[in-house]
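Have a look at the structure below, then the notes.
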Amino acid sequence: MYSLLLVLIYVAFISLGLPDSLLGSGWPVIHSQLGVPVDYMGIVTMVISGCTIVSSLFSDKLSRRPGTRWVTVISVFLTAAALLGFSFASKFWMLILFAVPYGLGAGAIDAVLNNYVAQRYKSKHMSWLHCFWGVGTIASPFVMSYALSSSTWNMGFRIIGFVQLGIGALLLLTVPVWKAVGKEEVRIEQKSRGLGPVGALKIKGVPFLLCGFFAYCAAEATTMQWASTYFVSVKGLAAETAAQLASLFYIGITVGRLVSGFFTDKLGDRKMILIGTGILLVGVVLLALPIEGYASAVAAFVIIGLGCAPIYPCIIHATPGNFGAENSGAIIGIQMASAYMGSTFMPPLFGLIGSKAGFSFMPYYLLAFFALMLIMVELTFRSAAKRRSLDK
């Protein structure tokens, strides 16, 4: 029964990934048709991420009542409604309006399912969970590319919105599967101390974790949201082609998570994070090299994606081990909030920089955040190890 439930959680994470790459891949056309500057995408993503921060902070309470299964189902339907709302948007303010329910739904499902899997399943399952998120992010740029070539960008949101409705219906019909493992769920959740965000912040090492996760998600989100615009502005490609090439980062990160799942239990979360960081730095350097054409940029985004692959799931999976399963619900909640703060404020900042100094500045921007991430995550592991040794 646990295996069947894991499959359903994988499907739920596909639904979480589907919208994440949709806005960025279509933005070169969307901002032009709506008559707003290119950096206005940052406003939309800030609203989305701001709402995800709110729902993430309350995720620990939501996982208790109404419970993880109902939070998952309701959140998928909420994001589906938001995407269908996007599909009818004809003014910029309409994007802002429907960004609210999308952000609330995405934040809740992200936090509760990450904590659920971190507590109950091995590290490889966390990698594969986020691999399925990548499946959703890979599909969306192709859907948007099809919509741009055959209709309008609105159709891309409409297609994904209906897919989300189908996933929501599947999860609703399979709620009894969650109930079948309900006794074990109650047993684990009763161990939670219910610290809340303030209490979690007082645990030594948690501030390092939040800073590191903030930095990583800032770099990852910047790559996701501006890859398509990079190909248009720096390499001079058509918007439809750029939308397809933007999916290469998602392909890299998805394939990387599939492969890393076979090694992460043996090597451990910490080593996988270090290996991933080394790989992505190669991609960042390649992106920075002044090479003619766009082939090197294509390879760079794939390599960056491969390097990013193990980092996010391994940081999350290590949380119960570093700070105790009884604290992980509250910590992962604020961890998701810090992640969304990074993805809220840092990509818009790059949009402003890119519109003024040029989008060729991207590799240097990414390098700064990846370096900060590595330093903070290492401090997290060292602080947690020291705390465990003192507790013995």
(request) Dump the intermediate steps for side-chain contact (heavy atoms from CB on, under 4.5 Å) on I251 and L248, then the final yes or no. (result) CA-CA 5 Å; I251 292 174; L248 292 172; 4.2 Å; yes
(request) Run the numbers on Y312 and F213 for ring-ring contact (aromatic ring centres under 6.0 Å, His included), then give the verdict. (result) CA-CA 8 Å; Y312 191 109; F213 213 47; 4.9 Å; yes
(request) Apply side-chain contact (heavy atoms from CB on, under 4.5 Å) to M144 and I159, showing your working. (result) CA-CA 9 Å; M144 182 57 73; I159 293 171; over 6 Å; no
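Side chains of H317 and N114: no donor on one and acceptor on the other come within 3.5 Å.
Taking all atoms of both residues into account, the shortest heavy-atom contact from P363 to S360 is CD-O, 3.3 Å. The two residues A99 and V44 have their closest heavy-atom pair at CB-O, 4.2 Å. Nearest heavy atom pair, residue A337 against residue I53, reads O-CG1, 3.6 Å. Between K235 and G293, the closest heavy-atom pair is NZ-O, 2.9 Å. The nearest pair of heavy atoms linking M46 to P348 is CG-CG, 3.7 Å. Across every non-hydrogen atom of A299 and L286, the tightest pair is CB-CD2, 3.9 Å.
Taking S145 as the reference, Q244 meet the side chain to side chain donor-acceptor pair (under 3.5 Å) condition, with sequence neighbours excluded. Scanning for side chain to side chain contact (heavy atoms under 4.5 Å, CB included) contacts around Y364 gives A288, F361, with sequence neighbours left out. Under the side chain to side chain donor-acceptor pair (under 3.5 Å) criterion, W153 pairs with Q33, not counting sequence neighbours.
Here the straight-line distance linking atom CG of L113 with atom CD1 of I9 works out to 5.5 Å at 0.5 Å rounding. A distance of 10.5 Å separates OG in S127 from NE2 in H125, rounded to the nearest 0.5 Å. Atoms CG and CG, from L366 and L281 in turn, are 10.5 Å apart once rounded to the nearest 0.5 Å. Atoms CG and CG, on L83 and L23 in that order, are 10.5 Å from each other to the nearest 0.5 Å. Atom CD1 of I332 and atom CZ of F323 lie 10.5 Å apart (nearest 0.5 Å). For the atom pair CG of L170 and CG of L8, the computed distance is 6.0 Å after rounding to the nearest 0.5 Å.
Residues V285 and L374 do not share a hydrophobic cluster, defined by chaining ILVMFWY side chains whose heavy atoms lie under 4.5 Å apart. No chain of hydrophobic side-chain contacts below 4.5 Å, direct or via other Ile, Leu, Val, Met, Phe, Trp or Tyr residues, connects V206 to F208. A chain of hydrophobic side-chain contacts below 4.5 Å, direct or via other Ile, Leu, Val, Met, Phe, Trp or Tyr residues, connects V36 to M94. Hydrophobic clustering places M272 together with F381 (ILVMFWY residues linked when any side-chain heavy atoms are closer than 4.5 Å, directly or through intermediates).
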For residues 215-225, dump all side-chain donor-acceptor pairs below 3.5 Å to protein atoms at least two apart in sequence or in another chain.
unit_1: Y216; atom_1: OH; unit_2: E220; atom_2: OE2; d: 2.6
unit_1: Y216; atom_1: OH; unit_2: C308; atom_2: O; d: 3.3
unit_1: T222; atom_1: OG1; unit_2: A218; atom_2: O; d: 2.7
unit_1: T223; atom_1: OG1; unit_2: A219; atom_2: O; d: 2.9

Please table the atom pairs, donor to acceptor, closer than 3.5 Å between any side-chain atom in residues 260-267 and protein atoms at least two apart or in another chain.
unit_1: S260; atom_1: OG; unit_2: G256; atom_2: O; d: 3.0
unit_1: S260; atom_1: OG; unit_2: R257; atom_2: O; d: 3.3
unit_1: T264; atom_1: OG1; unit_2: S123; atom_2: OG; d: 2.9
unit_1: D265; atom_1: OD1; unit_2: S123; atom_2: N; d: 3.2
unit_1: D265; atom_1: OD1; unit_2: K124; atom_2: N; d: 3.3

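Residues in residues 286-309 take part in no side-chain hydrogen bond (donor to acceptor under 3.5 Å, both in side chains) pair, two or more places apart or across chains. The salt bridge (charged side-chain N to carboxylate O under 4.0 Å, His left out) contacts involving residues 139-148 comprise nothing, where partners must be two or more places apart or lie in separate chains. For the salt bridge (charged side-chain N to carboxylate O under 4.0 Å, His left out) condition, no pair includes a residue of residues 308-324, sequence neighbours left out. Within the structure, the side-chain hydrogen bond (donor to acceptor under 3.5 Å, both in side chains) test picks out the following pairs touching residues 82-100 (sequence neighbours left out): S87-R158. Legend: salt bridge (charged side-chain N to carboxylate O under 4.0 Å, His left out) pairs involving residues 370-383, not counting sequence neighbours, sorted by first then second residue: R270-E378, E378-R382. Residue pairs meeting the side-chain hydrogen bond (donor to acceptor under 3.5 Å, both in side chains) criterion with at least one member in residues 75-85, sequence neighbours excluded: T79-Q164. Among pairs with a residue in residues 128-156, none fulfils salt bridge (charged side-chain N to carboxylate O under 4.0 Å, His left out), at least two apart in sequence or across chains.
The side chain to side chain contact (heavy atoms under 4.5 Å, CB included) with L280 is formed by just one residue from the set I303, L306, I311; it is I311.
For an aromatic pair to be called close, the ring centres must be under 6.0 Å apart, and F157 with F88 fails this. Ring centroids of Y230 and F301 are separated by less than 6.0 Å, placing the two rings close together. Ring centroids of Y365 and F369 are separated by less than 6.0 Å, placing the two rings close together. Checked against the 6.0 Å centroid criterion, the rings of Y10 and W128 do not qualify as a close aromatic pair.
Considering only heavy atoms from C-beta on, F132 stays 4.5 Å or farther from V11 through its side chain. Side-chain contact check for L245 versus S228: every heavy-atom pair is 4.5 Å or farther apart.
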